Asks: 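Below you will find the structure I want to go over with you.
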Amino acid sequence: MLQGRLPCIDWFSPPPSAFTSFYASFCSSCFPMSILQTLKNRFATALQPLSDDVAPLLDMIRSSQDPKFGDFQANCAMPLAKQVGRPPRDVAADIIAALDVSDICEAPEIAGPGFINLKLKDAWIVERVNSIAGDDRLGVMPVENPRHVIVDFSSPNVAKPMHVGHLRSSVIGDAICRTLRFAGHKVTSDNHIGDWGTQFGMIIYGYRNFVDSAAYAADPVAELARLYKLVNQLSDYHAAKQKLPQLKISLQLQKDELAAEQSETDPADKKAKKKLKSFQKAVDTTLDSIKSAEEKLAAVAADSNLQQLADAHPNIARLARAETSKLHAGDVDNQKLWDEFLPACLQALQRVYDRLDIQFDMTLGESYYNPMLADVVSSLKDKGLATDSDGATCVFVEGNEAPFIVQKTDGAFTYATTDLATIQYRVEQLKADEILYVVDKRQAEHFNLLFKTCELWGFKDLKCQHVSFGTVMGKDGKPYKTRSGDNIGLESLIDEAIARARTVVDENDDRRETPVLSAEDRHSVAEIVGIGGIKYADLHHNRESDYEFDWDKMLATTGDTATYMQYAYARICGIFRELNIDRNAIGQATANVLLTGPEERALALQLIQFDEAISSVISDYRPNQMTGWLFDAAGKFSAFYAQCSVKNAETPELKASRLVLCDLMARAIKTGLSLLAIDTAEVL
RNA sequence: GCGCCUGUAGCUCAGCUGGAUAGAGCAGCGGUCUUCUAAACCGCAGGUCAUUGGUUCGAAUCCAAUCAGGCGUACCA
């Protein structure tokens with residue numbers, strides 16, 4: 001973002017008290033707040049005479065991966081050497097000769113083929129730490145050009161319980177919102193709930209035919225969920241029953257084909273082998289389908305009540321779809337039921353969001369956009385983008401085989417239409433500059449088509465990104481389900497996490513000579529640790545990766561977990577408690593940090609790079625960049641804690657310095673975790 | 001068939017636009033609590049980055065092929 005800019009003033013050190021106001025009078029790109037940016041600015045000056053395009057070269061300045069190479073390294077001499085046709089070490093020497101970093105670094109060293117290694121001067125680190133000690137934002141400057149970013153995440157279907165897939169979207173989306181806001185962008189979080197889809201027809205049908213009034217009165221959402229599941233099961237039953245004979249015929253045919261192919265395949269012929277394999281795969285797939293169909297039939301057959309219901313409702317799927325159509329067509333009775341169901345469903349969702357501490361600025365579901373859909377389609381037609389194909393209205397986008405269907409043969413609109421209407425609304429009404437969709441990566445093609453269509457439609461300045469994430473897998477390597485094949489409910493997941501955390505909290509406190517936590521404290525700590533554990537387990541993976549869901553790992557309290565950071569935070573609080581010192585009264589504004597050993601230096605260096613963690617999260621919407629920074633930070637604190645006593649510091653000055661470092665680290669951990677919506681406690 | 005993605009330590013995963021001897025956590029082994037919380041710290045061991053070729057000063061990273069697996073592919077969202 002800020003790369004390649006030249007500083008309009010150079011770094012010097014303002015008195016800490018004047019720091020914030022001083023700083024605020026300059027634009028963030030001019031003022032090299034981050035170390036990295038400062039170094040880049042210095043290098044820009046040195047490289048200017050050597051190259052026309054310094055931006056890519058500046059990108060090659062980064063933290064050293066091994067401390068023995070110093071703190072930072074510049075790898076730009078090698079590619080530059082090629083450009084100018086001279087030996088890389090000579091070019092490195094030229095760069096160093098032109099480089100003025102003597103106030104920041106020790107003398108730069110050339111190593112290997114032409115790496116330039118930089119070691120920061122302790123005095124400079126101290127200066128920086130001292131200045132951020134008095135800064136609430138820990139040295140993170142608000143962005144220069146704030147954008148209005150709409151983050152579309154969570155997006156569950158109402159009346160269906162949320163599961164671990166929604167957890168990923170919710171947790172990642174929320175972290176992105178918080179981080180963007182902290183960085184100074186305008187953010188609108190929007191929960192684009194599925195409140196208008198086919199499941200409502202199923203629920204309406206279920207309600208009309210199978211409702212248990214007492215259960216509905218007691219817990220409407222649970223009853224609606226049961227009805228949804230029931231109608232789904234009965235529909236599946238009939239579909240399976242109908243499909244099964246055909247499947248068996250297909251299986252026989254495929255087996256015959258396979259046998260024929262096998263008999264005439266030459267094992268040396270790779271192409272034939274491949275063909276054979278694809279036949280085998282077809283057989284396997286059909287076998288799976290048959291197995292799944294048979295299971296569905298068996299599940300109903302095993303329960304005489306279910307069997308009776310199934311027999312009594314042979315056309316349940318069609319009838320449920322008809323209820324959806326009626327709803328969409330404005331049927332008064334169905335609309336009335338919808339109006340009745342929705343608030344309870346929303347409330348149930350809200351309960352989960354409250355527990356997860358996730359807030360939405362708006363919850364505009366699919367139903368909200370319903371009145372706009374017809375206009376979207378006619379607009380697309382007017383612009384010649386949408387055409388009729390096999391009775392459906394489609395947008396064909398160059399380079400994509402599959403069409404973007406905006407209206408089905410039966411006249412119904414699709415979620416593609418809704419998504420387009422939503423974009424129009426967000427741009428025209430909400431004035432969005434950018435929209436992020438935190439959605440499962442399996443929908444990549446849909447978003448690809450959506451964004452292309454959108455551009456053709458005329459939204460050229462809008463930036464859209466599918467912030468995709470991988471699937472949560474079970475131990476079997478398949479998407480995570482319970483043994484009975486259901487999704488894992490989010491509420492029970494949260495309950496389990498808290499219960500497990502509680503066991504650890506109890507054990508830990510009971511081990512103390514005199515336990516310090518009341519039952520109430522223990523409960524709230526268990527909530528903080530348990531829910532933090534769930535979130536962290538998800539966030540610390542690269543969002544694009546599928547990952548294996550594992551209770552023990554998710555709720556582990558050792559290693560790279562939320563607890564590790566929370567524990568570090570609590571230990572810092574413990575220091576201040578033990579010494580009976582108010583954290584707000586240690587003179588951060590006039591801090592004078594001393595670096596007397598490697599642990600203190602590493603800690604300080606980590607702290608002054610907090611802003612780099614923020615920008616790297618934002619650059620590609622990857623919250624795991626923040627978990628990584630936090631884990632490093634907590635690790636450096638733990639090493640410091642083991643090695644550098646605050647209480648028994650040799651001098652009052654050293655003690656004061658360490659208190660400042662501790663306070664800064666506590667604030668950094670708390671702030672970093674808060675950007676992931678993970679809470680902290682003073683005592684664990 | 002077409003398209004997209006993945007393959008890194010025993011396990012679960014990091015590894016940013018190519019950078020030096022590929023990193024964590026867990027599990028394993030060995031140390032560290034009379035001194036600010038041992039939910040911790042320090043150390044040891046563990047890898048042919050699926051395979052083969054290519055690009056270049058330099059490849060886990062880029063390209064090609066192969067093998068293995070996953071996902072998506074016209075009226076579900």
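To find a chain, count down the sequence lines: A is the first, B the second, and so on, and within it residues start at 1. Any value given below was found using the heavy atoms of this structure, including those in side chains, with hydrogens, waters and symmetry copies removed. On a predicted model such as this, the values are computed, not experimentally measured, just so you know.
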Asks: Look at Asp663(A) together with Arg583(A) and state whether they make a salt bridge at an N to O cut-off of under 4.0 Å.
Replies: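 Between Arg583(A) and Asp663(A) there is a salt bridge, with a charged N closer than 4.0 Å to a carboxylate O.
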Asks: Looking across every strand, which nucleic acid part, if any, lies under 4.0 Å from Thr558(A) by heavy atom: base, sugar-phosphate, or nothing?
Replies: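 Counting heavy atoms under 4.0 Å across all strands, the contact made by Thr558(A) is with sugar-phosphate only.
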Asks: Taking donor-acceptor contacts at under 3.5 Å, does the side chain of Arg62(A) reach the base of rU17(B)?
Replies: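 Indeed, a donor on one side and an acceptor on the other fall under 3.5 Å apart.
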Asks: Step through it carefully: locate the ring centre of His192(A), locate the ring centre of Tyr369(A), and say whether they are under 6.0 Å apart.
Replies: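 Under 6.0 Å, so yes.
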Asks: CZ of Arg512(A) to CG of Asp509(A): how many Å apart, nearest 0.5 Å?
Replies: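 Reported value, rounded in 0.5 Å steps: 4.5 Å.
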Asks: So, is Asn542(A) close to the rG15(B) phosphate, meaning a side-chain N or O under 4.0 Å from OP1 or OP2?
Replies: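 Looking at the OP1 and OP2 atoms of rG15(B), one of them is under 4.0 Å from a side-chain N or O of Asn542(A).
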Asks: Quick one: label Ala570(A) by what it contacts on the DNA or RNA (base, sugar-phosphate, nothing), any heavy atom closer than 4.0 Å.
Replies: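 Base contact.
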Asks: Checking base pairs now: Watson-Crick or wobble, both atom distances under 3.5 Å. What partners rU73(B)?
Replies: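 rG1(B) - that is the nucleotide pairing with rU73(B), both distances being under 3.5 Å.
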Asks: Is the Tyr547(A)-Phe469(A) ring centre distance short of 6.0 angstrom?
Replies: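 They do not qualify: ring centres at least 6.0 Å apart.
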Asks: Among rU37(B), rC13(B), rU73(B), which is the nearest nucleotide to the side chain of Leu684(A)?
Replies: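 Of rU37(B), rC13(B), rU73(B), rU37(B) is nearest to the side chain of Leu684(A).
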Asks: Under the criterion of centre distance below 5.5 Å and interplanar angle below 30°, is Tyr567(A) classified as stacked on the base of rA40(B)?
Replies: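 Not stacked by the 5.5 Å and 30° rule.
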Asks: Taking atom C1' in both rC49(B) and rU8(B), compute the distance separating them and give it to the nearest angstrom.
Replies: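 After rounding to an integer number of Å, I get 4 Å for this pair.
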Asks: Check if the side chain of Gln73(A) and the base of rA20(B) share a donor-acceptor pair of N or O atoms closer than 3.5 Å.
Replies: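 Indeed there is one.
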Asks: Measure from the side chain of Asn508(A), starting at C-beta and using heavy atoms only, and say which of rC42(B), rG72(B), rA39(B) lies closest.
Replies: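 Side chain of Asn508(A) sits closest to rA39(B).
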Asks: In terms of base orientation, is rC33(B) syn or anti, with the syn window spanning 90° either side of 0?
Replies: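 That one's syn.
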Asks: Are His328(A) and Phe413(A) near enough that their ring centres are under 6.0 Å apart?
Replies: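 No; Phe413(A) has its ring centre 6.0 Å or more from that of His328(A).
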Asks: Please give, in whole Å, the distance from rG72(B) P to Glu401(A) CD?
Replies: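 Roughly 17 Å, once rounded to whole Å.
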Asks: Counting side-chain heavy atoms from CB outward, which of rC41(B), rU12(B), rC36(B) is closest to His541(A)?
Replies: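 Nearest to the side-chain atoms of His541(A), counting from C-beta on, is rU12(B).
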Asks: Select one nucleotide: of rU56(B), rC36(B), rC11(B), the one nearest the side-chain heavy atoms of Lys553(A).
Replies: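 So the nucleotide nearest the side chain must be rC11(B).
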Asks: To the nearest Å, give me how far apart CD (Glu544(A)) and P (rU6(B)) are.
Replies: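 So the CD-P distance, Glu544(A) to rU6(B), works out to 8 Å.
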Asks: Here's a test of your reading of the structure: between Met78(A) and Lys647(A), which maps to the more 5' nucleotide of RNA chain B?
Replies: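 Whichever sits nearer the 5' end wins; that is Met78(A).
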Asks: Just call it for Tyr547(A): base, sugar-phosphate, or nothing, with non-hydrogen atoms closer than 4.0 Å on any strand.
Replies: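 If one applies the 4.0 Å heavy-atom cut-off, Tyr547(A) turns out to touch the sugar-phosphate alone, with no base involved.
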Asks: Contact class for Asp620(A) vs. all strands (heavy atom < 4.0 Å): base, sugar-phosphate, or nothing?
Replies: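 Nothing, no nucleic acid heavy atom in range.
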Asks: For rC41(B), does OP1 or OP2 lie under 4.0 Å from any side-chain N or O of Tyr564(A)?
Replies: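 Looking at the OP1 and OP2 atoms of rC41(B), one of them is under 4.0 Å from a side-chain N or O of Tyr564(A).
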Asks: Find the partner of rC26(B): check Watson-Crick (N1-N3 plus N6-O4 or O6-N4) and G-U wobble (N1-O2, O6-N3) distances, both under 3.5 Å, and reply none if neither fits.
Replies: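 Across all strands, the one nucleotide that pairs with rC26(B) is rG10(B).
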Asks: Tell whether Asn117(A) reaches the base of rA20(B) with its side chain through a donor-acceptor pair below 3.5 angstrom.
Replies: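 Yes.
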Asks: Among rA24(B), rG72(B), rG19(B), which nucleotide sits nearest the side chain of Arg442(A)?
Replies: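 Output: rG72(B).
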Asks: Quick check: any donor-acceptor pair below 3.5 Å linking the side-chain of Ser545(A) to the base of rA14(B)?
Replies: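 No, the side chain and the base share no sub-3.5 Å donor-acceptor pair.
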Asks: Tell me whether the ring of Phe69(A) lies stacked over the rA20(B) base, given a 5.5 Å limit on centroids and a 30° limit on the plane angle.
Replies: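 Yes, Phe69(A) stacks on the base of rA20(B), since the ring centres sit under 5.5 Å apart and the planes are within 30°.
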Asks: Taking the ring centre of each residue, are His540(A) and Phe631(A) less than 6.0 Å apart?
Replies: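 Centroid distance His540(A)-Phe631(A): not below 6.0 Å, so no.
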Asks: What does Pro156(A) touch in the nucleic acid at a heavy-atom separation under 4.0 angstrom: a base, only the sugar-phosphate, or nothing?
Replies: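 Nothing, no nucleic acid heavy atom in range.
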Asks: Give me the distance, rounded to whole Å, that separates rC26(B) from rG7(B) when you measure between the P atoms they each carry.
Replies: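 Rounded to whole Å, the distance is 23 Å.
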Asks: rA59(B) and rU66(B): how far apart are their P atoms, nearest whole angstrom?
Replies: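 Taking atom P in both rA59(B) and rU66(B), they lie 24 Å apart.
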Asks: Measure CG/Asn157(A) against P/rA77(B) and give the value in whole Å, please.
Replies: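 The distance from CG of Asn157(A) to P of rA77(B) comes to 10 Å, rounded to the nearest Å.
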Asks: Ser616(A) near the nucleic acid: base, sugar-phosphate alone, or nothing, with a heavy-atom cut-off under 4.0 Å?
Replies: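 Result for Ser616(A) = nothing.
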Asks: On RNA chain B, compare the nucleotides closest to Phe631(A) and Phe413(A); which residue's is nearer the 5' end?
Replies: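 Counting from the 5' end, the first nearest nucleotide belongs to Phe631(A).
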Asks: Measure CG/Leu630(A) against P/rA14(B) and give the value in whole Å, please.
Replies: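 Computing the Leu630(A):CG to rA14(B):P distance gives 17 Å.
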Asks: Taking atom C1' in both rC16(B) and rA77(B), compute the distance separating them and give it to the nearest angstrom.
Replies: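 Between the two C1' atoms, the distance is 33 Å.
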Asks: Any chance you could lay out the salt bridge (charged side-chain N to carboxylate O under 4.0 Å, His left out) test for Asp552(A) and Arg500(A), step after step, and finish with the verdict?
Replies: CA-CA 10 Å; Asp552(A) 294 329; Arg500(A) 289 193 185 216; 3.0 Å; yes
Asks: Base, sugar-phosphate, or nothing for Cys644(A), non-hydrogen atoms under 4.0 angstrom?
Replies: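 Base contact.
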Asks: From the list rA39(B), rA77(B), rC36(B), which nucleotide is the closest neighbour of the side chain of Arg511(A)?
Replies: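 It is rA39(B).
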Asks: Roughly, in whole Å, what's the span from CG in Leu449(A) to C1' in rG72(B)?
Replies: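 The distance from CG of Leu449(A) to C1' of rG72(B) comes to 11 Å, rounded to the nearest Å.
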Asks: With sugar-phosphate meaning primed atoms plus P, OP1 and OP2, does Pro88(A) contact a base, only sugar-phosphate, or nothing at under 4.0 Å between heavy atoms?
Replies: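 Pro88(A): no heavy atom of the nucleic acid under 4.0 Å.
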Asks: Is atom CD of Glu109(A) surrounded by more than 12 heavy atoms (other residues, nucleotides or ligands) closer than 6.0 Å?
Replies: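 Counting other residues, nucleotides and ligands, CD of Glu109(A) stays at 12 neighbours or fewer.
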Asks: Taking rG19(B) as the reference, what is the distance to rG30(B) when you measure between their C1' atoms (whole Å, please)?
Replies: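 About 35 Å, rounded to a whole number of Å.
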Asks: Return the nucleotide paired to rU37(B): Watson-Crick means purine N1 to pyrimidine N3 with N6-O4 or O6-N4, wobble means G-U with N1-O2 and O6-N3, both under 3.5 Å.
Replies: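 Across any shown strand, rU37(B) pairs with none.
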Asks: Could you state the CD-C1' distance from Glu548(A) to rG69(B), rounded to the nearest angstrom?
Replies: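 For the pair Glu548(A) CD and rG69(B) C1', the rounded distance is 15 Å.
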Asks: When both hydrogen-bonding distances must be under 3.5 Å and the geometry is Watson-Crick or G-U wobble, what is rA50(B) paired with, if anything?
Replies: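 Looking at the geometry, rA50(B) pairs with rU66(B).
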Asks: P atom, rA60(B) versus rG18(B): distance in rounded Å?
Replies: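 It works out to 13 Å between them.
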Asks: In whole angstrom, give the distance that lies between atom CD1 of Ile669(A) and atom C1' of rA39(B).
Replies: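 Roughly 14 Å, once rounded to whole Å.
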Asks: Name the nucleic acid region contacted by Gln643(A), choosing base, sugar-phosphate or nothing; use a 4.0 angstrom heavy-atom cut-off, strictly under.
Replies: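 It contacts nothing in the nucleic acid.
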Asks: Could you work out the separation of rU17(B) and rC13(B) based on their C1' atoms and round it to a whole Å?
Replies: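 Approximately 22 Å lies between the C1' atom of rU17(B) and that of rC13(B).
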Asks: Evaluate the ring planes of Phe549(A) and Trp551(A), with Trp represented by its six-membered ring, and classify them as parallel (under 30°), tilted (30 to 60°) or perpendicular (over 60°).
Replies: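 Rings of Phe549(A) and Trp551(A): perpendicular, over 60°.
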Asks: May I have the distance from Leu539(A) (atom CG) to rA14(B) (atom P), rounded to whole angstrom?
Replies: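 After rounding, the gap between these two atoms is 13 Å.
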Asks: Using a heavy-atom cut-off of 4.0 Å across all strands, would you classify Val683(A) as base, sugar-phosphate, or nothing?
Replies: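 Base contact.
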Asks: Say we look at rU12(B) and rG28(B): how far apart would their C1' atoms be, to the nearest angstrom?
Replies: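 Going atom to atom, C1' in each nucleotide, I get 16 Å.
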